[in-house]
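Have a look at the structure below, then the notes.
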Amino acid sequence: MSPISTRKHGDVLIVTSNNPPVNALSHAVREGLVAAIGEADSDDGVKAVVILCQGQTFFAGADITEFGKPMLLPMLPTVVDIIENCTKPVVAAIHGTAFGGGLEVALASHYRVAVPSAKLGVPEVKLGLLPGAGGTQRLPRVAGVQKALEMAATGNPIGAKEAFEIGLVDRLIEGDLEQHAVAFAEEVKDVRPIPKSSARDDKLAEARANPQIFADFRKANARKFKGFDAPESNIRAIEAAVAKPYAEGVQDERRLFMELMTGTQARAQQYFFFAERKAAKIDGLPDDTRPRDIGRVGVIGAGTMGGGISMNFLSAGVPVTIVEMAQEALDRGTGVMRKNYEASAAKGRMSGAQVESAMGLLKPTLELEALADCDLIIEAVFENMEVKKEIFGKLDSIAKPGAILASNTSYLNIDEIAASTSRPEDVLGLHFFSPANVMKLLEVVRGAKTAPDVLVTAMQLAKKIRKVAVVAGVCHGFIGNRMLMPRQVEAMKLLLEGATPEQIDRVHVEFGMPMGPFQMSDLAGVDIGWHRDPTRIENIRDALAAEGRWGQKKGAGFYDYDEKRTPSPSPRVAEIIADFRARTGTAQHQIGDQEIVERTLYTMVNEGAKILEEGMAQRASDIDVVWVYGYGWPVYRGGPMFWADTEGLGKIVEGLERRGFEVAKLLADKAAAGEKFTR
Ligand code: 3H9
């Protein structure tokens with residue numbers, strides 16, 4: 001049965017799509033739409049058409065699962081042209097998300113009406129693409145060039161109200177969408193000529209008079225777009241809309257679309273779209289597992305982590321009890337939270353009332369006993385097993401039955417922590433990344449005894465606080481930090497063997513990471529995890545820490561910093577490195593960029609393979625999600641495991657062996673069998 005059905009209401013043909021979950025424009029939908037327009041054209045009793053969708057949303061775009069497979073006709077560009085050339089006025093009635101191809105269908109329709117909660121956008125750029133069904137040509141004609149640039153090159157949608165203000169939506173509908181859309185169609189059914197987006201020119205005039213708009217847009221967004229292919233292609237396609245007649249602009253759009261579609265970045269970004277959604281699924285849990293109710297959250301520790309963690313819940317409307325040991329620390333912590341909220345308000349990201357309502361949900365206290373009414377308690381004190389065990393022992397007697405007890409540890413053994421309670425089934429790790437109110441990643445650490453409903457609750461809660469959760473097993477550093485370790489070890493060895501911090505960081509930044517290992521160390525604090533004995537100098541890091549070179553916060557670390565925190569290579573660090581080279585008698589050699597890639601990135605892939613082999617990650621794509629959201633791995637390279645696949649596992653194995661590393665069995669086996677991690 002076709003997902004597209006038609007029925008007449010008076011002389012209006014109502015075309016309805018029913019293709020759950022998001023009404024993607026799959027082959028059957030495209031066929032159905034063409035047939036429906038054909039019906040409208042050939043039936044003299046039809047004077048206008050309304051296109052709408054059942055379920056949660058208007059068409060959310062092309063069907064991404066069809067990408068990479070042979071395209072079945074009719075293709076979307078043909079479908080939208082058929083809609084635009086319909087001899088009866090077509091009204092798109094929008095609710096939910098008119099995204100990508102969905103918005104292109106709406107743009108080809110002659111009128112658009114929408115409910116106020118609807119969102120309209122062209123997120124193709126996030127899949128490494130551009131709107132390839134006329135969107136880059138029609139959107140600037142309807143919404144204006146500046147808005148089209150913003151929407152297409154960033155992929156961020158706009159709300160229906162804004163769309164109405166800029167003329168992208170013709171009417172906002174309060175009440176029943178279908179009923180009002182039909183009434184609208186009745187109003188416009190006799191209007192001639194039928195307005196076609198592709199024939200419009202008025203909104204291009206401004207950019208035609210001022211082509212500088214494109215250079216300005218590129219300049220303003222250069223940092224955001226760095227490394228990505230798709231934003232530039234989106235800009236070029238819109239430039240073509242301004243510079244050329246519609247028919248030629250569409251050809252440019254098609255060519256640019258195909259170039260992107262056949263490239264590695266689009267493959268990586270589309271892979272990542274599904275990777276992110278897969279990460280939310282936990283294998284092997286009983287189907288009927290129900291989450292526990294979380295009405296109030298407790299957080300132990302009002303430091304940077306505890307404060308950031310609390311803000312996530314407060315922002316989502318969940319009350320938080322926050323505990324500290326001393327009044328001063330408590331006041332400082334809650335003060336920082338307020339300051340952070342106020343900074344968001346100053347940037348217009350929230351209102352003053354929202355700041356007050358979030359802070360109003362916070363209950364600061366010095367009493368651990370105050371956590372007795374919490375449904376989830378997250379411990380966020382410093383990394384010391386004995387301290388954590390003591391806290392969990394106390395929590396065991398304070399927390400109510402069924403409360404979930406979580407540790408925010410980034411390395412320590414959750415099973416050992418759980419064993420200090422009488423209810424290990426209620427214990428798990430919730431590893432937030434700093435700054436916890438900003439970073440999207442949450443590692444959910446599954447202990448040996450963690451109950452299924454505790455895990456399900458954590459995953460659901462993560463969604464509520466807008467985090468992307470990935471399940472990890474109990475091992476030192478879980479997924480993310482465990483893979484960071486071989487990278488750190490090799491980076492330090494490379495320094496001794498002749499590389500500089502600048503060179504190693506540059507290779508990582510050129511690869512697409514937001515920063516290299518030493519820049520990251522300076523940002524996080526060189527002193528983190530340091531033994532704090534300035535007389536014990538066993539490595540370069542100890543030497544830096546002993547001299548107070550603790551990173552950006554001290555104006556000196558692996559780099560020197562000026563007042564504006566601009567880094568410059570440090571002669572003192574060069575001396576320290578030279579001193580260690582002499583002390584350790586390390587032989588030096590010319591280190592090329594490829595050696596740095598092999599020793600710091602291939603080794604991460606190797607560790608990822610071990611993590612998979614040991615079952616510490618459910619799937620290779622989960623590792624990629626951790627690295628993209630937790631450490632800024634460039635999404636256009638998919639993540640370390642996807643990247644390894646694109647490099648070729650044989651090449652990775654060869655590189656590791658040549659450099660004397662022991663290759664993980666899973667990696668060696670997959671390479672030998674010609675297999676990949678991610679497909
Ligand atoms: C395009 O249109 C190209 C054209 O310009 C040119 C063509 C020539 N296709 O996200 P959710 C699945 S490119 C197939 O969890 P939410 C998704 O995998 C497209 N499947 O729900 C998931 O499956 P599962 C441009 C899709 O409510 C389920 O639907 N459009 C698609 O949080 C639920 O998804 C986009 O990029 C799709 N297009 O968010 C929009 N979309 O349950 C991409 C979703 O098996 N989609 N699925 O895991 C979204 O942004 C969000 O899904 C949306 C709903 C906001 C719509």
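In what follows, residues are counted from 1 in the order of the sequence shown. Note that ligands are numbered from 1 as they come in the structure, with each ligand's atoms numbered from 1 the same way. All values below come from the heavy atoms of this structure, side chains included, with hydrogens, waters and symmetry mates left out.
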request  = Would you mind checking if Arg255 and Glu259 are paired as a salt bridge, meaning a charged N to carboxylate O distance below 4.0 Å?
outcome  = yes
ask   = Do any non-hydrogen protein atoms sit less than 4.0 Å from atom 40 (C) of ligand 1?
value = yes
task = For atom 46 (N) of ligand 1, decide whether some protein heavy-atom distance is shorter than 4.0 Å.
result = yes
request  = Would you please say whether a donor-acceptor pair under 3.5 Å links the side chains of Asn221 and Lys226?
outcome  = no
ask   = Could you state the interatomic distance from CD1 (Ile37) to OG1 (Thr6), rounded to the nearest 0.5 Å?
value = 10.5 Å
note = Taken to the nearest 0.5 Å, the spacing of Asp252 CG from Ile238 CD1 works out to 12.5 Å
query = Distance only, no hydrogens: is a donor on one side chain within 3.5 Å (strictly under) of an acceptor on the other, for Tyr629 and Glu276?
reply = yes
message = Please list the nearest protein heavy atom to atom 5 (O) of ligand 1 with its residue and the distance rounded to 0.1 Å.
response = Glu124 OE2, 2.5 Å
message = If the contact criterion is a heavy-atom separation under 4.0 Å, does Thr57 count as touching ligand 1?
response = no
key: Proximity to ligand 1 by part of Pro123, non-hydrogen separation under 4.0 Å   = side chain
query = Are any of the N or O atoms of Phe257 closer than 3.5 Å to those of ligand 1?
reply = no
request  = Keeping the roles fixed (side chain from His110, backbone from Glu84), state whether a donor-acceptor pair exists under 3.5 Å.
outcome  = yes
ask   = Centroid-to-centroid, Phe642 to Phe677, below 6.0 Å?
value = no
request  = Run down the list Val22, Leu103, Leu76 and name the one with the heavy atom closest to atom 44 (C) of ligand 1.
outcome  = Val22
query = Going by distance alone, is a donor N or O of one side chain under 3.5 Å from an acceptor N or O of the other, for Asp41 and Thr87?
reply = yes
message = Run the ring-ring contact (aromatic ring centres under 6.0 Å, His included) test on Phe433 and Tyr631 for me, step by step, so that the C-alpha distance in whole Å, both residues' side-chain angles and the decisive distance to 0.1 Å come before the verdict.
response = CA-CA 9 Å; Phe433 286 67; Tyr631 303 83; 5.5 Å; yes
ask   = What are the atoms of ligand 1, with element, lying closer than 4.0 Å to any heavy atom of Asp63?
value = 9 (N), 14 (C)
ask   = Is Glu104 in polar range of ligand 1, meaning some N or O pair under 3.5 Å apart?
value = yes
Option with minimal heavy-atom separation from atom 43 (C) of ligand 1, where the choices are Phe99, Phe59, Phe273, Phe67 = Phe273
query = Which part of Leu127 is near ligand 1, with near meaning a heavy atom under 4.0 Å away: side chain, backbone, both or neither?
reply = side chain
ask   = Does an N or O anywhere in Gly132 fall below 3.5 Å from an N or O of ligand 1?
value = yes
query = Going by the order shown, which atoms of ligand 1 are within less than 4.0 Å of some heavy atom of Ala62?
reply = 1 (C), 2 (O), 3 (C), 9 (N), 19 (C), 37 (C), 38 (N)
task = Distance to 0.1 Å, residue and atom name: give those for the protein heavy atom nearest to atom 27 (O) of ligand 1.
result = Gln56 NE2, 3.9 Å
ask   = Mind checking whether Ile64 has an N or O less than 3.5 Å away from an N or O of ligand 1?
value = yes
request  = Check if Gly135 has a non-hydrogen atom at a distance under 4.0 Å from any atom of ligand 1.
outcome  = no
inquiry  = With rounding to the nearest 0.5 angstrom, report the CE to CH2 distance, Met641 to Trp627.
reply    = 12.0 Å
note = ligand 1 to Pro131, heavy atom cutoff 4.0 Å, flagged ligand atoms 5 (O)
task = Give a yes-or-no answer on whether the side chains of Asn19 and Ser26 include a donor-acceptor pair shorter than 3.5 Å.
result = yes
inquiry  = So if I count the atoms of ligand 1 from 1 in the order they appear, which ones are less than 4.0 Å from some heavy atom of Phe274?
reply    = 18 (O)
task = State whether any protein heavy atom lies less than 4.0 Å from atom 9 (N) of ligand 1.
result = yes
message = Are any of the N/O atoms on Gly61, whether in the backbone or the side chain, positioned under 3.5 angstrom from an N/O atom of ligand 1?
response = no
query = Is the Lys NZ or Arg CZ of Arg637 less than 6.0 Å from the centre of Phe511's six-membered ring, within 45° of the axis?
reply = yes
message = Checking Asp645 against Thr678: is there a side-chain donor and acceptor pair closer than 3.5 Å?
response = yes
ask   = Counting heavy atoms only, which part of Ala60 comes closer than 4.0 Å to ligand 1: side chain, backbone, both or neither?
value = both
request  = Inspect the surroundings of CD in Glu206 and state if more than 12 heavy atoms from other residues, nucleotides or ligands are less than 6.0 Å away.
outcome  = no
query = Is there any N or O on Arg254 that sits under 3.5 Å from an N or O of ligand 1?
reply = no
ask   = Gly100 heavy atoms, cut-off 4.0 Å: which ligand 1 atoms fall inside?
value = 2 (O), 25 (C)
key: Sub-6.0 Å ring centroid separation between Phe67 and Tyr271   = no
query = Does the N or O separation between Lys281 and ligand 1 drop below 3.5 Å for any pair?
reply = yes
ask   = Do Thr646 and Thr264 get their side chains close enough for a donor-acceptor pair, meaning under 3.5 Å?
value = no
query = For ligand 1, which atoms, with element, lie under 4.0 Å from some heavy atom of Pro21?
reply = 28 (C), 29 (O)
key: Flag: protein heavy atom within less than 4.0 Å of atom 13 (S) of ligand 1   = yes
query = Judging by distance only, is a nitrogen or oxygen of Thr97 under 3.5 angstrom from one on ligand 1?
reply = no
remark   = The option among Met75, Gln269, Arg277, Lys463 carrying the non-hydrogen atom nearest to atom 34 (O) of ligand 1 is Arg277
